[in-house]
2 protein chains.
Amino acid sequence: MNKHKRVTSYDVAKVAGVSQSAVSRAFQTGRSVSDKTREKVLATANELGYKPNAIARMLITRRSGMVAVISSSRVNLVYPEVLSLLNERLSEKNERVLLFNLDNAAGLDDILEHIWTFQVDGVIALAAHFDHKSINKFKQHQIPVVLYNRRVAGHSASSVCCNHEQGIFELVDILHDFGHKDYLVLAGPDDSDVAQERCELAIKALTDKGINDVPIAYGDFSYQSGRQAFSNYMATHSAPTAVVCSNDTMAIGVIDEARENCGLRVPEDLSVVGFDGVNAVFWHSYQLTTVKQPIEQMTKAAVDILVEQIATPDNPAQLRVWSGALVQGKTVGPATN
Amino acid sequence: MNKHKRVTSYDVAKVAGVSQSAVSRAFQTGRSVSDKTREKVLATANELGYKPNAIARMLITRRSGMVAVISSSRVNLVYPEVLSLLNERLSEKNERVLLFNLDNAAGLDDILEHIWTFQVDGVIALAAHFDHKSINKFKQHQIPVVLYNRRVAGHSASSVCCNHEQGIFELVDILHDFGHKDYLVLAGPDDSDVAQERCELAIKALTDKGINDVPIAYGDFSYQSGRQAFSNYMATHSAPTAVVCSNDTMAIGVIDEARENCGLRVPEDLSVVGFDGVNAVFWHSYQLTTVKQPIEQMTKAAVDILVEQIATPDNPAQLRVWSGALVQGKTVGPATN
DNA sequence: CTTAATAATGACTTCGAATGCAAAGTATAA
DNA sequence: TTATACTTTGCATTCGAAGTCATTATTAAG
């Protein structure tokens, strides 16, 4: 077997009695090699245990076969689901995932440094704290980017989005139809674009219904922060009848806090809606009323667009938007006051 | 700014009036360069927007700065949590995560092919379907591996594990103390080592208590499979009073199925225990009795061991085992029959 | 059986940083 | 001042595959 030194294309060439070029060509499709030579090369390669060195290939082809995915993790159950699908789609396109974790805005610079040096073919950014000001740097470095659920003015980067406006308006419609008048909006961290957008849309939807001055509480998209925020709110205010949460994980936190520590039944005393449609909200004890993002379609499109931009970098940036699917769970009921 | 061509160390060298070697050395610590030269180089590098090309460095140093993490995703909530921590620890050691997803045994060969060609510095394997027979191949390719929750006979690879035996015995102890006699063991997929181990240990623990012929149902570690398995079992058997599940996610599935479709209250009519201690089981509606793995310590150790093996490949493989922490939730009660 | 067109092949160069080695520079000791 | 030790520096080579180009082998056409 192969002892200490790696088997290179030269080794294979020597044994097979051909040139290194022939070996290289044998491992590519659509290259000018006779079947005879290719067979011979592949046979001896197999015999010697030769595997092409991807690093050397990257250097000369200037393609790394890696896509950087900038995700978050700590808090929001939606990230693992999206990451998993992205990984699958990218594998099909023969791209590997180089994973970066961004849980607070401070980490971004470090991640960018690594992205430049690693020569990734492209980037998919889904982290909540991803700062869209850094998008220009990608352009300078000529690295295609696809933003996930984050649109940027002027279309300077492609993005795939769920239509938050439609989704949140539908949720508010339902609450309104049930006669709710006392609302609380539970927003995400204020340095997150998605958080900001969803919060503003909730306020706007409520204003459209003639409901003004809605109080806003803040969390960080995590379960604990949902509980904490609701607990804090209840300590100084009377109970609302409906809570519009900027994501599912916080919504579950609110439900648990309401049931455990506030003596409120959901949905009898309190209606709660979330956003995302993560798997866990469909569990029987919660059955949250929420909007499910079409993450299969969104991740597929994100990868398709990215791969296209890698192949033809001069193609214009594009934006694709999907409607979310309203899921009528069991956390919304008629207003009681 | 930099237009179309990448800035290389030669460009910096020319502008700074030094040799390419000097530039290279300026970017490394502990190299023989005068402070004056280093400053000059770093200044012009900054000016030209030069970033060292990691690919070229990988080729010559034979270190990629990447660790392959083989994870699963579909089903078990424990993976995202572990993955996130691994990523954090590896970043601290200046290693990037190259992510591979293994959701069924068939995908392994493809992943291995990629691991060889990408010249990763090391591998951390946590996927349930990771087949320990492939460990020898890593040795042949001289790539250090750390197994997560998977020990292999003969210590041919390092591993960090949670002491499943202790944990499962403690869980069974509790159930036994509550007087349970009618058990169901819900096992994971039979091509998974962890699944097999936990199942056997549950049976062993029960046998030690004098309880024999315990029925076994099978799932795939997912919520849905937990529901399905319990539903199937109930269709042809009378209800057990206690279910020992091989992971938390399935345990939650069992609880939901019992409550929703079987008219069983948990814990009054049915006691359920899980394993792992994923975040979601602490949510108020579940509060599962389970064993929490010390994933902070385990991931830290996995990374430390791997980094050590990368630095000194001839060091012997090591095994580190932690006890899990019993979490007394609210899903276990006295036996009713 | 030529001639023209096409396919297959190998020699050589390239990608960009790191490093062994020898030469040149600087500091220390006698 | 000279001999010696140590530090800086640049040259040339290396990592391993891929691509360019010129040459040779093969096939098709006339």
Side-chain angles (χ1 to χ4, degrees), chain A residues 2 4-42 44-45 48-65 113-114 116-121 141-142, chain B residues 2 4-42 44-45 48-65 113-114 116-121 141-142:
Chain A
N2 45 349
H4 281 296
K5 215 174 162 310
R6 276 189 61 85
V7 185
T8 74
S9 58
Y10 286 94
D11 301 328
V12 177
K14 197 183 293 175
V15 175
V18 296
S19 71
Q20 182 267 327
S21 319
V23 177
S24 170
R25 282 191 275 256
F27 276 89
Q28 297 171 72
T29 48
R31 285 275 159 191
S32 183
V33 219
S34 67
D35 294 351
K36 207 185 58 179
T37 319
R38 171 168 277 140
E39 266 173 47
K40 190 167 50 177
V41 168
L42 294 182
T44 59
L48 300 180
Y50 166 74
K51 314 278 177 196
N53 182 327
I55 308 293
R57 176 184 292 154
M58 290 178 202
L59 187 58
I60 189 76
T61 61
R62 297 150 157 283
R63 279 281 303 265
S64 64
E113 285 300 312
H114 283 287
W116 312 145
T117 64
F118 271 87
Q119 312 257 104
V120 296
D121 296 339
H141 285 265
Q142 318 224 123
Chain B
N2 44 351
H4 282 297
K5 214 173 165 307
R6 276 188 62 86
V7 185
T8 74
S9 58
Y10 285 94
D11 302 327
V12 177
K14 196 184 294 174
V15 175
V18 296
S19 71
Q20 181 267 329
S21 322
V23 177
S24 169
R25 281 191 273 255
F27 275 89
Q28 297 172 71
T29 48
R31 284 279 158 189
S32 184
V33 219
S34 67
D35 296 349
K36 207 185 58 179
T37 318
R38 172 167 278 139
E39 268 172 44
K40 191 167 49 180
V41 168
L42 294 181
T44 58
L48 301 180
Y50 167 75
K51 315 278 178 197
N53 183 327
I55 307 293
R57 176 184 290 156
M58 290 177 201
L59 186 58
I60 189 76
T61 60
R62 298 151 157 285
R63 277 282 304 264
S64 63
E113 285 301 312
H114 283 287
W116 313 145
T117 64
F118 271 86
Q119 311 257 105
V120 296
D121 296 337
H141 285 265
Q142 318 224 122

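Everything numeric here is computed off the predicted structure, so don't read it as measured data. Each chain gets a letter, A, B and so on, in the order the sequences are listed, and its residues count up from 1.
- Rounded to an integer number of Å, the gap from Arg63(A) CZ to dG19(D) P is 12 Å.
- If you take CZ of Arg62(A) and P of dT14(C), they are 13 Å apart, rounded to a whole angstrom.
- Shown here for Gln119(A) and Ser64(A), the closest heavy-atom pair between the two residues is O-OG, 3.0 Å.
- A straight line from CG of Asn53(B) to P of dG16(C) spans 7 Å, rounded to a whole angstrom.
- Between Tyr50(A) and dA17(D) there is a side-chain polar atom (N or O) within less than 4.0 angstrom of OP1 or OP2.
- For the pair Ser19(B) and dT9(D), the criterion of a side-chain N or O lying under 4.0 Å from OP1 or OP2 is not met.
- Distance Lys14(B) NZ to dG10(D) P: 15 Å, rounded to the nearest Å.
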Using the 3.5 Å cut-off, write out each protein N or O paired with an N or O of nucleotides 20-24 of chain D and the distance between them.
none

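- The phosphate of dG19(D) has OP1 or OP2 within less than 4.0 Å of a side-chain N or O from Gln28(A).
- In this structure, Gln20(B) CD and Thr8(B) OG1 are separated by 8.0 Å, a value rounded to the nearest 0.5 Å.
- Between Thr61(B) and Ser34(A), the residue whose closest nucleotide on DNA chain C is further toward the 5' end is Ser34(A).
- In terms of phosphate contacts, Tyr10(B) brings no side-chain nitrogen or oxygen within less than 4.0 Å of OP1 or OP2 of dC15(C).
- Annotation for Tyr50(A) and Ser9(A): closest pair CE1-N, 3.4 Å, computed over non-hydrogen atoms.
- Nearest heavy-atom pair across Arg6(A) and Lys51(A) is NH2-O, 3.3 Å.
- The shortest non-hydrogen separation linking Val15(A) to Leu48(A) is CG2-CD1, 3.9 Å.
- The CG-P distance, from Leu48(B) to dG16(C), rounds to 15 Å in whole Å.
- Rounded to a whole Å, the CG atom of Leu59(A) is 9 Å from the P atom of dA17(C).
- Across Val12(A) and Val41(A), no two heavy atoms sit closer than the pair CG1-O, 4.0 Å.
- Residue Ser24(A) places none of its side-chain N or O atoms closer than 4.0 Å to OP1 or OP2 of dA17(D).
- No hydrogens or angles were tested; on distance alone, nothing pairs the side chain of Gln20(A) with the base of dA11(C) as donor and acceptor under 3.5 Å.
- Rounded to an integer number of Å, the gap from Lys36(B) NZ to dT7(D) P is 18 Å.
- dT14(C) atom C1' lies 16 Å from atom CZ of Arg6(B), rounded to whole Å.
- Comparing Thr37(B) and Gln119(B) along DNA chain D, the residue whose closest nucleotide (by nearest heavy atom) sits nearer the 5' end is Thr37(B).
- Using a 4.0 Å cut-off, no side-chain N or O of Thr8(B) falls inside it from OP1 or OP2 of dG16(C).
- Here the CG-OG1 distance, from Asn53(A) to Thr117(B), works out to 8.0 Å after rounding to the nearest 0.5 Å.
- Minimum interatomic distance between Leu42(A) and Ala26(A) (heavy atoms only, all atoms of both residues): CD2-O, 4.3 Å.
- Across all strands shown, Val23(A) has no heavy atoms under 4.0 Å from either base or sugar-phosphate atoms.
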